[in-house]
Amino acid sequence: MKRLFQKLKFEVIPAIIKKGQRLFNALKSIGHDNIPSNVILDKTLTGIGATYQELHAKRHSIIIEPTLPVIHDKAYGKDEILPVYENCKVPDVKRYLQRAEVKYKKVLTTPESFWKVKNACEELKWNMYNTFFCLFDECERLTEDSDFRRKITMPMKDFFQFNSKAFVSATPLQVSDPRFEGFQWIKITPDFDYKKPLNLIVTNSYDYSVRQLLLGHLVNSSRVFIFLNTTNGIDKIVNTLGIEGQSRIFCSEKSVKKLKKKGYTNVASLYSEPIAKYNFLTCRFYSALDIILKVKPDIVMLTNLYEAEHSMIDPYTEAVQICGRFRKEIDGSTFNSITHLTNVRNTLKVKTDEEIDIELEEKLKTYESLQARYNETTDATRKKAIIDDINRLGLAEFATKLDDGLLEIDHFAIDNYYNNERVKRYYLSGNALREAYEGTNHFTVNYRNVFLAVGDSDRLELKELPTFCKDFFRGIEPKTTTKTRMGYASDLRTFFRFLLSANPELSARQIDAKKNIVIDDDAKKNIVIDDNKNQGANDHTDSSDNAAVLDSYISGISLKDIESLKPVDIEEYMEYLKLYTYAGRQYSNDERGIHRKIASLKSFYLYYQKRE
């Protein structure tokens, strides 16, 4: 069966590169002096000079760079190169293009500022598409970032109109956009072993393992570079370990402002020296940036799924790019060690490609039907009603909205959906992540587990319980084992789920309290709890999505809510325990199981009665 959004197949042209050679050597071996047109250039290796080669090519060039730090890095102090981003205006671009002394115009622009270059060319009556070679650098970011950074794909309509154009990256992703039909895939192929040793630590106790790694194993390291895509997580590590005086943090401008409000002075939105012992970088610094050091650093990648799911690192792209940031070779290597420390979750909600196929196919069928009705009617009221129906489809995140309200499919957004689920699959287990790293051919993996009696999932379960429960667990700690307390936590969580599902007024109050909460500025996806996702939270047979929403309300239950319960509520709970559905799975309890859960509840009530 042919898939709806099939990845394109390309003619692959290998180009051999020898150790110590640059990209121009490999291209020359297949008959090209410059980066050729209509190609996806798969460099395999970082730091072999693709951007450098285009900046020195004897032709006019527009190079689209996904991140500002890269533009700043490449253009800093170079008057013959124009960096185009937020502070650069259209008149600035025009003045640069009119400079006669700059023989070959070299424009470095972010995707969001590309329109300024286009407008400047139009005002000067330059044919931009015939004049410039257009290179989209680190092209995988189009797919990886399009869900939270919709404007990154804005230049693509123009990109395909250039007579001369190319995609380039050491880690390009497959594409489904039919406009790439006819492109070639040039694969730079090293004739030497380029694998790097990587320590993969999978733990069920993230905070403990981070402490052991940074303050234990790497305590004598002079430079540690820590890549973590959550400023909340960085803030927590710095404060918990007491290392603010030894740290620098590089993150987005928005996050810089947030951290400065907390009292940080060692934060910046652009990479710069001097650096510290511990240097934290978020995802905007994962690719293209050149870091030149006098000593070999220890590279640490961190992922904490229980606090920031968006901190997942793709072994095939982000991990390769991160390790390629360090360019100075000392004693045959650019680093001391590479470590990825992460937890895993076998409860992650992950869709297969086939499930995504079906979902998108049904949405598109419905959209096409609505579109046909829209085009057929001439009544303005009907057209508006149809557009309202289209907006409710959930297809807008995979499309560009046109002026009339209709949609145009964004293939990079579609690819992003498949890509996100692919990466999530690696984090279902330690073995899956290890196999992914080995499959990249970039790493030799040293894999080990660090498991403690109380892990991250246990702590999360305790954290999600109502605040007043902390008193209960603190009170019973001297007389109970860890296993007993975790059993109590699980039983209480089941009871609170029952209360929310059986009591519409209680869950409605929690919905009101949770509305419009935004999480973490540097998230790959800023999660907003909205009314649409709250629908169905009172259903006894919760779907996985509704179950997650329901769990998020548990912490809002108060002791007053518990005190207001009547004997009939406990009787209904006992009936509920016999057979119930949660997160798409059915659960049942025999008499012994029901008795145990009621015993946990009894202990809980007795504790608070004694306190009174």
Side-chain angles (χ1 to χ4, degrees), residues 3-5 111-116 118-119 122 142-143 145-161 176-179 351 355-418 420-421 504 507-508 510-519 523-539 542-546 548-549 552:
R3 293 179 57 191
L4 194 61
F5 295 100
E112 290 83 354
S113 287
F114 174 82
W115 66 271
K116 300 172 187 176
K118 182 180 178 180
N119 283 10
E122 288 175 349
L142 278 162
T143 296
D145 295 2
S146 66
D147 53 347
F148 69 95
R149 186 183 171 192
R150 296 304 301 274
K151 290 183 178 179
I152 194 172
T153 59
M154 283 177 63
M156 291 313 297
K157 194 168 186 178
D158 292 292
F159 173 83
F160 287 104
Q161 296 183 61
S176 64
D177 194 322
R179 292 175 293 183
K351 294 177 181 176
E355 288 171 330
I356 299 173
D357 288 344
I358 292 168
E359 178 188 342
L360 293 178
E361 183 179 356
E362 291 305 314
K363 285 183 178 182
L364 280 171
K365 281 180 182 176
T366 306
Y367 171 72
E368 287 166 1
S369 173
L370 289 169
Q371 183 185 37
R373 285 166 50 198
Y374 179 91
N375 292 332
E376 287 169 5
T377 187
T378 57
D379 184 85
T381 303
R382 289 184 184 278
K383 281 184 177 289
K384 183 181 181 305
I386 293 169
I387 292 298
D388 289 342
D389 286 341
I390 288 173
N391 290 337
R392 283 191 287 268
L393 261 181
L395 196 59
E397 61 186 302
F398 307 114
T400 302
K401 186 173 283 191
L402 303 177
D403 292 339
D404 58 7
L406 294 177
L407 303 175
E408 182 177 75
I409 291 299
D410 181 345
H411 285 267
F412 290 102
I414 296 283
D415 291 347
N416 169 270
Y417 192 15
Y418 286 95
N420 285 346
E421 298 303 301
S507 58
Q510 304 311 321
I511 288 171
D512 289 338
K514 287 272 184 175
K515 279 182 183 177
N516 300 323
I517 296 175
V518 181
I519 304 171
K524 282 192 172 179
K525 287 185 178 179
N526 285 341
I527 304 162
V528 179
I529 297 174
D530 59 37
D531 286 331
N532 291 330
K533 290 191 178 181
N534 292 328
Q535 292 172 6
N538 297 325
D539 189 347
D542 296 301
S543 68
S544 295
D545 287 341
N546 286 335
V549 172
S552 73

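Numbering of residues begins at 1 and proceeds along the displayed sequence.
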Looking only at non-hydrogen atoms, find the nearest pair between T366 and L393 and report the distance.
CG2-CD2, 3.6 Å
Heavy-atom pair of closest approach, residues T153 and S146:
CG2-CB, 4.4 Å
Can you sort out the partners of K384 under salt bridge (Lys or Arg N to Asp or Glu O under 4.0 Å), two or more places apart, ordered by chain and number?
D388
Give me each pair satisfying ring pair (Phe, Tyr, Trp, His ring centres under 6.0 Å) with a member in residues 377-398, each pair once, sequence neighbours excluded.
F398-Y417
F159 and L142, any side-chain heavy atoms less than 4.5 Å apart
no
For P155 and P111, which heavy atoms make the closest approach, and how far apart are they?
CG-O, 3.5 Å
Distance (rounded to the nearest 0.5 Å) between D357 CG and K351 NZ:
12.0 Å
Check A399 against R150 and note the closest heavy-atom contact, atom names and distance.
O-NH2, 2.8 Å
By ring-ring contact (aromatic ring centres under 6.0 Å, His included), which residues pair with F412, not counting sequence neighbours?
none
Please enumerate all residues that pass side chain to side chain donor-acceptor pair (under 3.5 Å) together with R382, with sequence neighbours excluded.
none
With N119, which residues qualify under side chain to side chain donor-acceptor pair (under 3.5 Å), at least two apart?
none
Check whether any side-chain heavy atom of R392 lies under 4.5 Å from a side-chain heavy atom of D389, and answer yes or no.
yes
First locate atom CG of L407, then atom CD of Q371, and finally report the distance between them rounded to the nearest 0.5 Å.
8.5 Å
Between CZ of R149 and CE of M154, what distance do you get to the nearest 0.5 Å?
11.5 Å
Among all residues two or more places apart in sequence or in another chain, which pass the salt bridge (Lys or Arg N to Asp or Glu O under 4.0 Å) test with K118?
D158
Looking at D415 and S176, would you say the former's side chain and the latter's main chain have a donor-acceptor pair under 3.5 Å?
yes
Atom pair CG (N420) and CG (N416), whose distance is rounded to the nearest 0.5 Å:
4.5 Å
Which pairs with one or both residues in residues 398-410 pass salt bridge (Lys or Arg N to Asp or Glu O under 4.0 Å), sequence neighbours excluded?
none
Backbone N or O of K151 within a donor-acceptor pair of the E112 side chain at under 3.5 Å?
no
For a side-chain contact (heavy atoms from CB on, under 4.5 Å) check, start with the C-alpha distance between T400 and I409, then their side-chain angles and the critical distance, and finish with the verdict.
CA-CA 6 Å; T400 302; I409 291 299; over 6 Å; no
Interatomic spacing from CD in E397 to CG in D147 - rounded to 0.5 Å
8.5 Å
Any pair counted as salt bridge (Lys or Arg N to Asp or Glu O under 4.0 Å), so long as it reaches residues 362-379, sequence neighbours left out
E359-K363, E361-K365, E362-K365
Across all chains, not counting sequence neighbours, the ring-ring contact (aromatic ring centres under 6.0 Å, His included) partners of F114 are none
For the CD1 atom of I414 and the CG atom of L395, what is their distance to the nearest 0.5 Å?
7.0 Å
Taken in chain and number order and not counting sequence neighbours, the residues that satisfy ring-ring contact (aromatic ring centres under 6.0 Å, His included) with Y374 are none
Would R179 and M156 satisfy side-chain contact (heavy atoms from CB on, under 4.5 Å), going step by step from the backbone distance to the final call?
CA-CA 10 Å; R179 292 175 293 183; M156 291 313 297; 4.2 Å; yes
